[in-house]
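Below is one structure, written out as structure tokens; the observations come after it.
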Amino acid sequence: MPATFIQPEFRVKIDYDKCHKCGRCVQQCGWGVYDFNERPVPHDEKCRACHRCVTFCPAHCITIERNPLAYRENDNWSAPLRKAVWKQAETGGVLLTSMGNPQPYPRIFDHLLLDACQVTNPSIDPLREPMELRTYLGRKPDAVQVEPDGAGGYRLAEDGGMSRNIELATPIVFSPMSYGSVSLNVHKSLAMAAERCGILMNTGEGGLHEDLYPYQDHVIVQVASGRFGVGPDYLKRGAAIEIKIGQGAKPGIGGHLPGEKINKEVSSTRMIPQGTDAISPAPHHDIYSIEDLRQLIYALKEASGYKPVGVKIAAVHNVAAIASGIVRAGADYIYLDGFRGGTGAAPAVIRDHVGIPVEIAVAVVDQRLREEGIRNHASIVAAGSIRSSADVAKAIALGADVVAIGTAALIALGCHVCQSCHTGSCSWGITTQKPELTRRIDPEWGAERVSNLVHAWSHELQEILGALGVNAIESLRGSRERLRSIGLDEQTNRILGVKPAGM
């Protein structure tokens, strides 16, 4: 009997008439696809279609195609379903995967359109008029204190209620991605880009490597159930602290970093033994109620000199009531992670079938907090497959203050979304700890690419604001009247608070 029924998903084709036989493809592939015997010989079954070899082939003689006859066509028993059954019949285990949910659920952002100004309400030319993208992350006071400025006017008094907010030059931050799930050079790239762009990166639950200390004013340090890397010095170094309760890609599931990715540096940063699996359970074993959460929030505030503390939760049913409790517990911001959020590793069945869209979560949380009169008590961060500046604008119009981008930042660094992060063999040097692969990301190069992405989206946001006839991003927040839907049912429109196009 064959060892496996699973056929190669891709075919690697080499035009040997063009091939230089230089071996570059052998060097670049992190999956061991190629042998070299006078010329490269591919093993299709190992290919993940990450396209590293295609990109770096000097002769452009490599093509990778989906294997068309690996699985007969069947609308009911699709190829992924049959492949999963065969894998589980061979292993008896839970199937792991990574990156975001690829299932063809409706993408609500793609069914929303932004309004534009015409004659009665003129648009603004962003190239000639100032457009304000600056925003603040944190609890806003019910009133601010002012004092005379000595020139006949007034200024905000020192500690007049806004001093504990974090200023962001543009309403974008980088999503939590732990050191271990991504390489140190990726963390450095994000930290350097955050400093250059005037925004924040997030350590995830992997601790803060000492190489990132120079950028600590642009870093959110995360406290997850595993408490990896958490100590007094760690808490005081971050600009803000984030308690991770849940993750959009795997609501109700804890974190797991395989021991193969725990090298000496990761071990030291996370404060765990080298080579052992790092498991953070789903529940925090000191949080079983809102009162418990409140105790932790204020313990972290006291330990850090009262820095802002946020709480990250997955977007799930009843998220509005959960968010209300979190705000009343004292959180300075709520991080809402939708079901399309990325992950370094998760059970495929959880990633693909659990959670709700971030668009819905942001709309109902913003509305609930407004109805309860506590909207100013916390900022809302929206995450879970923010793919473009248009998604940013739509999320803010639905009620978010800030959005978080993770996969988009990794794509800027070369990620081709082959969804194999959990294997630790990333050919692009992003989600791996293998030295021969991690050195492929130069932090200076990476920081420039990610900074360019943030600057480009910021310029596009200014164009959108100009078309809407507003000159500040804060004027767009929660302004759902500037959105119209196409192809959404009446109930979804009602939940979103958005009218259909034409009304």
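- Residues His377 and Arg328 have side chains that never bring a donor and an acceptor to within less than 3.5 angstrom of each other.
- The residue from Ile297, Leu296, Ile322 that alone fulfils the side-chain contact (heavy atoms from CB on, under 4.5 Å) condition with Val311 is Ile297.
- The closest donor-acceptor contact from the side chain of His187 to the backbone of Met177 lies under 3.5 Å.
- Lys140 places a side-chain N or O within donor-acceptor distance of the main-chain N or O of Gly138, the cut-off being under 3.5 Å.
- In summary, the side chains of Asn471 and Glu129 do not present any donor paired with an acceptor at a separation below 3.5 Å, with no hydrogens or angles considered.
- No salt bridge links Asp115 with Arg484; every basic N to acidic carboxylate O contact stays at or beyond 4.0 Å.
- Closest non-hydrogen pair, Ala393 versus Ile464, comes out as CB-CD1, 4.0 Å.
- In summary, the side chains of Lys244 and Ser225 do not present any donor paired with an acceptor at a separation below 3.5 Å, with no hydrogens or angles considered.
- Under the 3.5 Å distance criterion, the side-chain polar atoms of Thr203 are matched with a main-chain donor or acceptor of Gln222.
- Side chain of Trp428 to main chain of Leu410: no donor-acceptor pair is present (N/O by atom type, distance under 3.5 Å, no hydrogens or angles).
- Among all heavy-atom pairs drawn from Glu359 and Leu496, the shortest one is O-CD2, 3.7 Å.
- Between the side chain of Asp352 and the main chain of Asn101, no donor-acceptor pair closer than 3.5 Å is present.
- Counting only distance, with no hydrogens or angles, the side chain of His416 and the backbone of Cys418 share no donor-acceptor pair below 3.5 Å.
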Item to complete: Give the C-alpha distance, both sets of side-chain angles, the deciding distance and a yes or no for salt bridge (charged side-chain N to carboxylate O under 4.0 Å, His left out) between Arg294 and Glu291.
Response: CA-CA 5 Å; Arg294 182 179 179 84; Glu291 289 77 15; over 6 Å; no

Practice prompt. Go through the steps to decide whether Asp391 and Arg107 satisfy the test salt bridge (charged side-chain N to carboxylate O under 4.0 Å, His left out), and finish with yes or no.
Written response: CA-CA 11 Å; Asp391 286 356; Arg107 286 173 283 273; over 6 Å; no

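- The residues Arg368 and Glu371 are annotated as not salt-bridged, no charged nitrogen and carboxylate oxygen being separated by less than 4.0 angstrom.
- Judged purely by distance below 3.5 Å, without hydrogens or angles, the side chains of Ser458 and Thr170 pair a donor atom with an acceptor atom.
- For Thr431 (side chain) and Gly424 (main-chain N/O), no donor-acceptor pair under 3.5 Å exists by modelled atom type.
- Looking at Asp442 and Arg449, no side-chain N of the basic residue comes within less than 4.0 Å of a carboxylate O on the acidic one, giving no salt bridge.
- Minimum heavy-atom separation, Val327 to Ala378: CG2-CB, 3.8 Å.
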Item to complete: Test salt bridge (charged side-chain N to carboxylate O under 4.0 Å, His left out) on Lys301 and Asp332 and set out the steps.
Response: CA-CA 10 Å; Lys301 285 178 181 282; Asp332 295 277; 2.5 Å; yes

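- Not a single donor-acceptor pair under 3.5 Å links the side chain of Asp366 to the backbone N or O of Val362.
- Between the side chain of Gln433 and the backbone N or O of Val182 there is at least one donor-acceptor pair closer than 3.5 Å.
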Item to complete: Could you check Glu444 against Arg196 for salt bridge (charged side-chain N to carboxylate O under 4.0 Å, His left out), going step by step and ending with a plain yes or no?
Response: CA-CA 11 Å; Glu444 187 65 39; Arg196 294 175 188 180; 2.6 Å; yes

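- A donor-acceptor pair under 3.5 Å is formed between the side chain of Lys394 and the backbone N or O of Phe109.
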